[in-house]
Amino acid sequence: MITLIGEKLAKKGLTFMYYGPAKACEDCRYKSVCIDPLETGRIYKIKEVKDTEHPCPIHESGKVKVVEVEKANIEALIDAKKAFEGSVILFETLECDEKCDMRSLCFPEGIKASDRCRILKNFGRVNECKKGYKLNKVLLEIISKK
């Protein structure tokens, strides 16, 4: 997918969270290529940086570059019974109100409940859940949104 990003941020491999457009973007002539392809609340990874640049009043350098991006893969904790590499699951968070070191993996940014995901890698069981859940750490590829 093609989009635009600030000239200073345009580096292959960079990941970024898209939080939504700035007010000034609403009437921009580049809106259809810059922000329309992106989904709020998703993390993207830059695959390729093109040479083309355009003016932009939002970014510090006053310029944006054309980049090719894809949704980034997400590390998460899921029910161990569902953690099979190559399988497709609907991502679901567990019921938990504990504040612990693993919370960011139980409720990872960039993925939403009921997203269809492919398990790319199973890193194995984690034994630290305060609620007693049997969890595996996995790497997920988002296939489609809910």
Side-chain angles (χ1 to χ4, degrees), residues 1-50 52-54 56 58-60 64-146:
M1 147 184 3
I2 299 294
T3 188
L4 305 174
I5 193 165
E7 178 183 47
K8 292 183 178 184
L9 298 171
K11 293 178 179 38
K12 186 176 179 175
L14 176 102
T15 58
F16 64 93
M17 169 73 83
Y18 178 64
Y19 291 103
K23 184 80 172 149
C25 299
E26 292 174 7
D27 297 322
C28 178
R29 67 184 274 202
Y30 301 110
K31 178 181 180 282
S32 65
V33 71
C34 185
I35 60 174
D36 286 353
L38 302 176
E39 185 183 344
T40 301
R42 297 291 187 186
I43 298 174
Y44 295 90
K45 181 176 184 177
I46 297 176
K47 290 172 40 175
E48 186 178 344
V49 178
K50 311 284 187 182
T52 308
E53 57 185 37
H54 299 284
C56 177
I58 300 298
H59 289 277
E60 182 181 329
V64 288
K65 291 203 76 128
V66 176
V67 293
E68 184 179 343
V69 299
E70 63 187 358
K71 286 182 184 164
N73 297 328
I74 309 286
E75 287 187 355
L77 293 176
I78 64 169
D79 185 332
K81 294 177 193 167
K82 298 178 182 179
F84 297 100
E85 286 185 20
S87 65
V88 174
I89 63 167
L90 290 179
F91 180 76
E92 301 199 8
T93 58
L94 301 167
E95 290 200 25
C96 181
D97 55 1
E98 295 286 336
K99 303 290 183 216
C100 73
D101 294 338
M102 297 191 320
R103 189 161 182 82
S104 64
L105 289 171
C106 289
F107 301 92
E109 287 188 315
I111 193 167
K112 299 172 184 175
S114 299
D115 279 345
R116 283 186 69 228
C117 301
R118 178 173 290 110
I119 299 174
L120 299 176
K121 178 98 175 125
N122 181 352
F123 298 107
R125 181 76 51 90
V126 294
N127 297 318
E128 307 157 23
C129 180
K130 292 181 178 182
K131 288 282 222 186
Y133 291 123
K134 291 179 174 43
L135 303 171
N136 279 34
K137 183 177 176 183
V138 295
L139 182 64
L140 299 173
E141 170 190 30
I142 300 169
I143 298 172
S144 62
K145 62 185 178 180
K146 73 175 199 179

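Quick note: numbers below take in every heavy atom, side chains included, and nothing from hydrogens, waters or symmetry partners.
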Original post:
Can you find a pair of side-chain heavy atoms, one from Lys50 and one from Lys65, that are under 4.5 Å apart?
Top reply: no
By side chain to side chain donor-acceptor pair (under 3.5 Å), Lys47 pairs with (sequence neighbours left out) Glu68
Value for CG (Leu4) from SG (Cys56), rounded to nearest 0.5 Å, stands at 8.0 Å
Are Leu140 and Ile89 packed together at the side-chain level, in the sense that at least one heavy-atom pair is separated by less than 4.5 angstrom?
yes
When rounded to the nearest 0.5 Å, the distance separating CD1 of Ile43 from CD1 of Ile74 is 4.0 Å
* To do: Take Val69 and Ile5 through the side chain to side chain contact (heavy atoms under 4.5 Å, CB included) test and state the conclusion after the steps.
  => CA-CA 10 Å; Val69 299; Ile5 193 165; over 6 Å; no
When every non-hydrogen atom of Phe91 is compared with those of Cys106, the smallest separation belongs to CZ-O, 4.1 Å
Leu135 and Leu94, any side-chain heavy atoms less than 4.5 Å apart: yes
What one should report as the nearest heavy-atom pair of Pro37 and Ser32 is CD-O, 3.5 Å
CD1 of Ile143 to CG of Leu90, rounded to nearest 0.5 Å, is 9.5 Å
For Gly110 and Ile142, the nearest pair of non-hydrogen atoms, with its separation, is O-CD1, 3.3 Å
So do Cys129 and Leu77 actually touch side chain to side chain, heavy atoms under 4.5 Å? no
Given the options Val49, Ile2, Thr52, Val67 meets side chain to side chain contact (heavy atoms under 4.5 Å, CB included) only with Val49
Does CD in Glu95 sit with more than 12 non-hydrogen atoms of other residues, nucleotides or ligands closer than 6.0 Å?
no
Between the CD1 atom in Ile35 and the SG atom in Cys28, the distance rounded to the nearest 0.5 Å is 8.0 Å
**Item:** Pairing of Lys112 and Glu39 as salt bridge, 4.0 angstrom limit
**Value:** yes
Residues pairing under side-chain hydrogen bond (donor to acceptor under 3.5 Å, both in side chains) where one sits in residues 125-135, two or more places apart or in two chains, turn out to be Arg125-Asn136
In this structure, CE of Met17 is separated from OG1 of Thr40 (nearest 0.5 Å) by 10.0 Å
Is there a salt bridge (Lys or Arg N to Asp or Glu O under 4.0 Å) between Arg42 and Asp115? Walk through the geometry before answering. CA-CA 12 Å; Arg42 297 291 187 186; Asp115 279 345; 2.6 Å; yes
Side chain proximity check, Phe123 to Leu139, heavy atoms < 4.5 angstrom: yes
The complete set of ring-ring contact (aromatic ring centres under 6.0 Å, His included) pairs with one or both residues in residues 10-45, sequence neighbours excluded, reads Phe16-Tyr44, Tyr30-His54
Salt bridge present between Glu75 and Lys137 (N-O < 4.0 angstrom): yes
Interatomic distance, CD@Glu7 vs CD@Glu53, rounded to 0.5 Å, equals 5.0 Å
(request) Measure the shortest side-chain to side-chain distance between Ile119 and Ile78 over non-hydrogen atoms and say whether it is less than 4.5 angstrom. (result) yes
Are the side chains of Lys11 and Ile46 in touch, meaning some heavy atoms are under 4.5 Å apart? no
Is there side-chain contact between Cys34 and Val64, with heavy atoms separated by less than 4.5 Å? no
